[in-house]
Amino acid sequence: MYFEIKNNALDSLKNALKNLNYEIPEDIKLEFPPNPKMGDLATTISFQLAKKLKMSPMDITSSIMENIEISDIFEKVEAKGPYINFFINYKTFSRRLLESVSDDYGKLTTKDEKIVLEHTSANPNGPLHIGHIRNAIIGDSLKRLLKTAGYEVNTQYYVNDMGRQIAMIVFGMEKLGLSIDEELSKKYIDNIANNLSDNSLNENNLDNKSDKSNLDNKIDHQIGQLYFKVNEYINSNEDKKIEVDNLIKAYEGGLSEDLDEIFEKAVNDCLTGVKQTLNNLNIIHDDFVWEGQFVRNGEVDKVVNGLIATGHTKEEEVLCLDLEDFGIEKELVLRRSDGTSLYSTRDLAYHKWKSEQGDLVLDILGSDHKLAIEQVSMALNLLNEKSPEVIFYEFITLPEGSMSTRRGVFISVDELLDEAIDRAKNEVQKRRNDLNEDEINKISNEIGIGAIRYFISRLSPEKHITFKWDEALSFERGCASIQYAHARACKLLEKCGNFDLTKEKLNIDFDKIEDDWTPNEVEMDLIRLIAKFPIVVDESADIMRVHPIAQYVQDLASAFNKFYKSEQVLGCEIESARLLLVDKARITIKNSLELLGISAPLKM
RNA sequence: GGGCUUGUAGCCUAGUCUGGAAGGGCGUAAGACUCCUAAUCUUAAGAUCGAGGGUUCAAAUCCCUCCAAGUCCGCCA
């Protein structure tokens, strides 16, 4: 609806300018005034024209005002100083808006463009920790946003099976006799499943401690510990490093099927744990792409040879790409002196492959990868391939410093999730002693996960985060209050008797809307926000940022809560109109949360 | 040393690309449940937009200098 309104206002302005014989600027700026009392749309066109026309902005505004005609969707247009402010006619606008909001509200028209989006791609040498979570949450939310904005999106997790880190894990298992206990990891999974279905045993949170030690049994956690031990060993036995190098060489050469199997199993085991964690956060990748294949199928060599052919490489002890001509001082090493490939080279082959799969390649990367990906992009340009668009994010650090799988210093995502759900459960139990254990668990899950995802996606990615439990897991005014607004709407609709809770469908026709309904201020605030949703989707997708969605859904929930508090719905004279408004607000909140991968509880 | 990012009320943050009316939230103070769930709502106080200079009718936004924090500059990934 707002798209329509905007165009309407633009047409009115253009006609006025035409009548005045003023030049029409290509890009007439329309913005939302800071305060709804100043109108619904505003333009600063008079400022834009002032210089060219050599007139004061005030005079331009008054001459436009004398010539402007507006359609009936607007109530009036006013000059406030040099600004020109449009006011919507809410009596007609509201009806049209409510009618236009369907279950898939916010979904924009399909664009004929495919995006290959790579995110998370954490090394399979341990569990995901809260440093990785930003990548995963931004990536997944972006996928949801871009899909809703009409793109076809394919998400990929790039699996690093060839690096030194995996070789170290294999080294630990083969040469140091370290092992992972699959029985224990199975038990861990079984325990989780039991805890969910067997409520009678779950009398207290007494077994909190054993829960935590259970987490150590989760398979990716076991691998993380193994990796940590190998690191300590190698650090004090530098001479053994060569053995790790030999493992890398052997795996890369595909010399032994047995060895391949060990590598693959280690990676797969860890990945199993990582996938469980991601699924718990509502994150599912379309594809897992193993980097090893690019070495095995000769693509890495092809890329290297292609770069040699460009004449920008030099070969001394190692083969490297000189990018100084392109403004990058640092050269990119393409091949180790022992002939094996490096991460960046394999990444290059991977990016080349991705660029053949879609119209746009999109990467989510920590800002520490900036130089590396710039080099890769440059190399791709040399090869006449598309270079990726990259969303960079800054780090999440602990108050005591940065995290490291290698040093075993980190908070795992599993730990964070457990804690979040625990805290949520505490709150739910405080408020709802009428619910059964299953319901409480379900709601706690939704709230806990919501708190985490919201905490990450509300911030713009280039903001550095120092992780503090209480900030990350606040339930006051955080995501929970948004979910609460949704639950309230559902409850209200359920009570009216015309709402099918299982299908989430309200059975009231638009012609039931009372004739004398003209929205009051609280209703107008809510209507305005509902109407804005598609614009927010469009603009956020345009800049590939998800944090505007987080801000938006909070404003929306806040407007709903305000409305809920101040206006009676059931039994009032304009019940049908208000019920429809509640229902459309519900849909909009739900769809906004969906973009952030947060579920909208029916009750809480 | 060089590159990149960040600096907006006690705290967290949007706005910076494309200059035009400093927007949220937490916390604080006062108030609101015999009425659809108070994880809510109302009202108030709180900002030399890191510092300094420049461009402009107009600067949080553009340019220059400086300060502080983070990060990169590996035959690691």
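Just so it is clear: chains get the letters A, B, ... in the order the sequence lines come, proteins before strands, and each one is counted from 1.
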Dump every N/O contact between nucleotides 20-24 of chain B and the protein below 3.5 Å, one line per pair.
| unit_1 | atom_1 | unit_2 | atom_2 | d |
| --- | --- | --- | --- | --- |
| B:G20 | O3' | A:Y83 | OH | 3.4 |
| B:G20 | O2' | A:Y83 | OH | 2.7 |
| B:G20 | O6 | A:F47 | O | 3.4 |
| B:A21 | O5' | A:Y83 | OH | 3.3 |
| B:A21 | N6 | A:N85 | OD1 | 3.2 |
| B:G24 | O2' | A:Q551 | NE2 | 3.0 |
| B:G24 | O2' | A:Q554 | OE1 | 3.0 |

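- Remark: A:Y564 is in phosphate contact with B:U37, judged by side-chain N or O atoms under 4.0 Å from OP1 or OP2.
- Closest to the A:H547 side chain, of the nucleotides B:C35, B:A14, B:A32, is B:A14.
- Partner assigned to B:A44 is B:U28, using Watson-Crick or G-U wobble distances below 3.5 angstrom.
- Atom NZ of A:K532 and atom P of B:A14 are 16 Å apart (whole Å).
- Heavy-atom contacts from other residues, nucleotides or ligands closer than 6.0 Å to NZ of A:K241 number 12 or fewer.
- Residue A:S460 places none of its side-chain N or O atoms closer than 4.0 Å to OP1 or OP2 of B:U13.
- One finds no salt bridge joining A:E439 and A:R432 here, because no Lys/Arg side-chain nitrogen approaches an Asp/Glu carboxylate oxygen to under 4.0 Å.
- Residue A:K491 places at least one side-chain N or O under 4.0 Å from the OP1 or OP2 atom of B:U37.
- Applying the Watson-Crick and G-U wobble criteria (two distances, each under 3.5 Å), B:G19 pairs with nothing in any strand.
- Across all strands shown, B:C4 pairs with B:G70; the Watson-Crick or G-U wobble distances both stay below 3.5 Å.
- Classification of A:R423 and A:E419 as a salt-bridged pair holds, one side-chain N sitting under 4.0 Å from a carboxylate O.
- Every pair passing ring-ring contact (aromatic ring centres under 6.0 Å, His included) that includes a residue from residues 535-557 of chain A is listed here, sequence neighbours excluded: A:F533-A:Y552.
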Could you pull out the protein-nucleic contacts involving nucleotides 74-76 of chain B (nitrogen or oxygen on both sides, under 3.5 Å)?
| unit_1 | atom_1 | unit_2 | atom_2 | d |
| --- | --- | --- | --- | --- |
| B:G74 | OP2 | A:K330 | NZ | 2.5 |
| B:C75 | O2 | A:S337 | N | 2.9 |
| B:C75 | O2 | A:S337 | OG | 2.9 |
| B:C75 | N3 | A:S337 | OG | 2.7 |
| B:C75 | N4 | A:E317 | OE1 | 2.5 |
| B:C76 | OP2 | A:R164 | NH1 | 3.2 |
| B:C76 | OP2 | A:R336 | NE | 2.8 |
| B:C76 | OP2 | A:R336 | NH2 | 2.9 |

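- One can place OH of A:Y454 at 11 Å from C1' of B:U13, the figure rounded to the nearest angstrom.
- Atom CZ in A:F560 sits about 14 Å away from atom C1' in B:A39, given to the nearest Å.
- Put simply, the side chain of A:K463 and the base of B:U6 share no donor and acceptor less than 3.5 Å apart.
- At a cut-off of 3.5 Å, with distance as the only test, a side-chain donor of A:E394 or A:S367 sits close to an acceptor on the other residue.
- Aromatic rings from A:Y83 and A:F47 are positioned such that their centres are separated by under 6.0 Å.
- Under the 6.0 Å distance and 45° angle rule, A:K532 counts as a cation-pi partner of A:F32.
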At a cut-off of 3.5 Å, list every protein nitrogen or oxygen paired with a nitrogen or oxygen from nucleotides 70-72 of chain B, distance to 0.1 Å.
none

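- In this structure, A:L506 atom CG and B:C36 atom P are separated by 20 Å, rounded to whole Å.
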Close N/O contacts between protein and nucleotides 26-29 of chain B (under 3.5 Å):
| unit_1 | atom_1 | unit_2 | atom_2 | d |
| --- | --- | --- | --- | --- |
| B:C26 | OP1 | A:R477 | NE | 2.8 |

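- Under 3.5 Å, the side chains of A:T397 and A:H464 contain a donor-acceptor pair of N or O atoms.
- For B:U42, the OP1/OP2 oxygens have a side-chain nitrogen or oxygen of A:K562 closer than 4.0 Å.
- Between A:Y251 and A:F263, the ring planes are parallel. Angles under 30° get that label, and only those over 60° would be called perpendicular.
- Pair assignment for B:A51 gives B:U65, based on Watson-Crick or G-U wobble hydrogen-bonding distances that are each under 3.5 Å.
- Side-chain contact, A:S121 with A:E118: a donor N or O sits under 3.5 Å from an acceptor N or O.
- The interatomic distance linking A:L492 (CG) with B:C35 (P) rounds to 16 Å, in whole Å.
- A:Y22 and A:S63 form a side-chain donor-acceptor contact under 3.5 Å, judged by distance and modelled atom types alone.
- Remark: A:R488 is not in phosphate contact with B:U37, judged by side-chain N or O atoms under 4.0 Å from OP1 or OP2.
- Residue-level contact check: A:E462 touches the backbone only, with heavy atoms under 4.0 Å from sugar-phosphate atoms and none from bases.
- Using a 4.0 Å heavy-atom criterion, one finds that A:E567 contacts the bases of the nucleic acid, with or without backbone contacts as well.
- When each of A:P548 and A:K370 is assigned the nucleotide of RNA chain B with its nearest heavy atom, A:K370 is the one assigned upstream, toward the 5' end.
- Identified under the salt bridge (charged side-chain N to carboxylate O under 4.0 Å, His left out) test for residues 551-574 of chain A, with sequence neighbours left out: A:E567-A:R578.
- Atom OH in A:Y484 sits about 11 Å away from atom C1' in B:C36, given to the nearest Å.
- In summary, the side chains of A:R453 and A:S141 do present a donor paired with an acceptor at a separation below 3.5 Å, with no hydrogens or angles considered.
- A donor and an acceptor atom, one from each side chain of A:R488 and A:N561, are located under 3.5 Å apart.
- Taking the centre and axis of the six-membered ring of A:Y233, the NZ or CZ atom of A:K240 falls outside the cone set by 45° and 6.0 Å.
- Checking B:C41, B:U13, B:C35 against the side-chain heavy atoms of A:K565 singles out B:C41 as nearest.
- When heavy atoms are screened at a 4.0 angstrom cut-off, A:I447 is found touching base atoms of the nucleic acid.
- Taking the six-membered ring for Trp, A:F410 and A:F467 have ring centres at least 6.0 Å apart.
- In this structure, B:A60 forms no base pair with any nucleotide, since neither Watson-Crick nor G-U wobble geometry is met with both distances under 3.5 Å.
- A:L556 has its CG atom 14 Å from the P atom of B:G25, to the nearest Å.
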